[in-house]
Amino acid sequence: MTHVRLTPLAQSLPSTVPFVGPETQERAAGRAFDARLGANENVFGPSPRAIEAMAAAQQWMYGDPESYDLRQALAAHHGITADHIIVGEGIDGLLGYLVRLMVAPGDTVVTSDGAYPTFNYHVAGFGGVLHKVPYRGDHEDPSALFAKAAEVDAKLVYLANPDNPMGSWHSGADLVKAMEALPEGCLLVLDEAYVDCAPEGTAPTLDADDPRVIRMRTFSKVHGLAGARVGYAIAAPDLVTAFGKVRNHFGMNRAAQAGALAALKDTDWLAHVKTQIATARDRIAAIARDNGLTALPSAANFVAIDCGRDGVFAKAVLDGLVARGIFVRMPFVAPQNRCIRVSCGTPADLDALAAALPLALADAAKA
């Protein structure tokens, strides 16, 4: 063989990833970041009980391919049956399996222009045709999404609530109402990665058997287990069963399952982290105000800061922060890219942000 025999589809795709990781940036810079505030990780960490459970896991054994104990616990937590739950390697992994199950080359999919790019990455990887609608007032627009889905006969429509990268959200009642316009045969992929940070009533009240929707949840955010890669989805049992056709049955390692199970049970730690996140959001907003900027309301574990101009200026601010050891990110698409996005951090992290931001703004103003 003189060359790698990729499929035509694979040959047509760029060799890239949706995000450049902070470690890659640190290697390029030859130094570690002083404050890691760009990946929406939970710097306050997982439950001590989760850490203990993961350390005690018998690593010589494969993880349970059915994630039985975790699925049973999640079912009890949500008041549904384990047949409604699929566990996978984070929401990213579950999105990949879902697209593989449902999107053939040429099938249409709808999302918001500038929404979470990993979903788009999976759609491209399986040959789907992606249609995008703009945000409205820094919110994803359910009515426009569902109208576009009807127009193009989409198989899937993606919506995050709360939204990443803006932190905006819709009430659950408004989403349920908007779903009346979801076209027949189109599945709503409702990404609820940040819903544990959001106000009461953000999660819609939907029957777990509702065939119109699959809801994605994660242990990466409030539960602080981003490195363990544990996500789950709630959907009608026939869709959950279908995941068994394509998923990596040993993708969930034993320690991750044990850690997630312990984290789910530690409601005191969850409450503690929610308080820390709320405090950090307020501090980020205050830092923005001190610098003449506006922090957008957020229901997530990050805050989008409006830099007041355009994407070029915001990128210069971001570059100035990165050069000073503060890892942050920004939206990819105008007009949201007038913002930088700052994850909630410790008091020390946010002290470092407060010191670096005026200097980064001064440099950006000169550019």
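We're numbering straight along the sequence, starting at 1.
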Sequence neighbours excluded - ring-ring contact (aromatic ring centres under 6.0 Å, His included) pairs with any residue from residues 252-283: Trp269-His272

Between Asp209 and His84: side-chain donor-acceptor atoms closer than 3.5 Å: yes

Side chain to side chain donor-acceptor pair (under 3.5 Å) involving Ser220 - partner list, sequence neighbours excluded: Thr218, Arg229

Salt bridge (charged side-chain N to carboxylate O under 4.0 Å, His left out) partners of Arg36, counting only residues at least two apart: Glu23, Glu41

Residue Gln11 excluded, over 12 heavy atoms near CD under 6.0 Å: yes

Side-chain hydrophobic cluster, 4.5 Å single linkage: members besides Tyr62: Phe250

His77: side chain to side chain donor-acceptor pair (under 3.5 Å) partners, not counting sequence neighbours: none

Summary of ring-ring contact (aromatic ring centres under 6.0 Å, His included) pairs that have at least one residue in residues 286-343, sequence neighbours excluded: Phe33-Phe327, Tyr194-Phe302

Shared-cluster residues of Val152, by chain and number - hydrophobic side chains joined below 4.5 Å: Val110, Val133, Leu145, Phe146, Val157, Leu159, Leu175, Val176, Met179, Leu182, Leu188, Leu190, Leu206, Val213

All salt bridge (charged side-chain N to carboxylate O under 4.0 Å, His left out) counterparts of Lys315, not counting sequence neighbours: Asp319

ILVMFWY clustering at 4.5 Å (side-chain atoms), partners of Met61: Trp60

Linked hydrophobic residues, Tyr121 as query - side chain contacts closer than 4.5 Å: none

Pairs involving residues 213-228, ordered by first then second residue, that meet salt bridge (charged side-chain N to carboxylate O under 4.0 Å, His left out) (sequence neighbours left out): Glu192-Arg215, Glu192-Arg217

Results of side chain to side chain donor-acceptor pair (under 3.5 Å) for Arg71 - residues two or more places apart only: none

Side-chain (Tyr97) to main-chain (Asn248) donor-acceptor, under 3.5 angstrom: yes

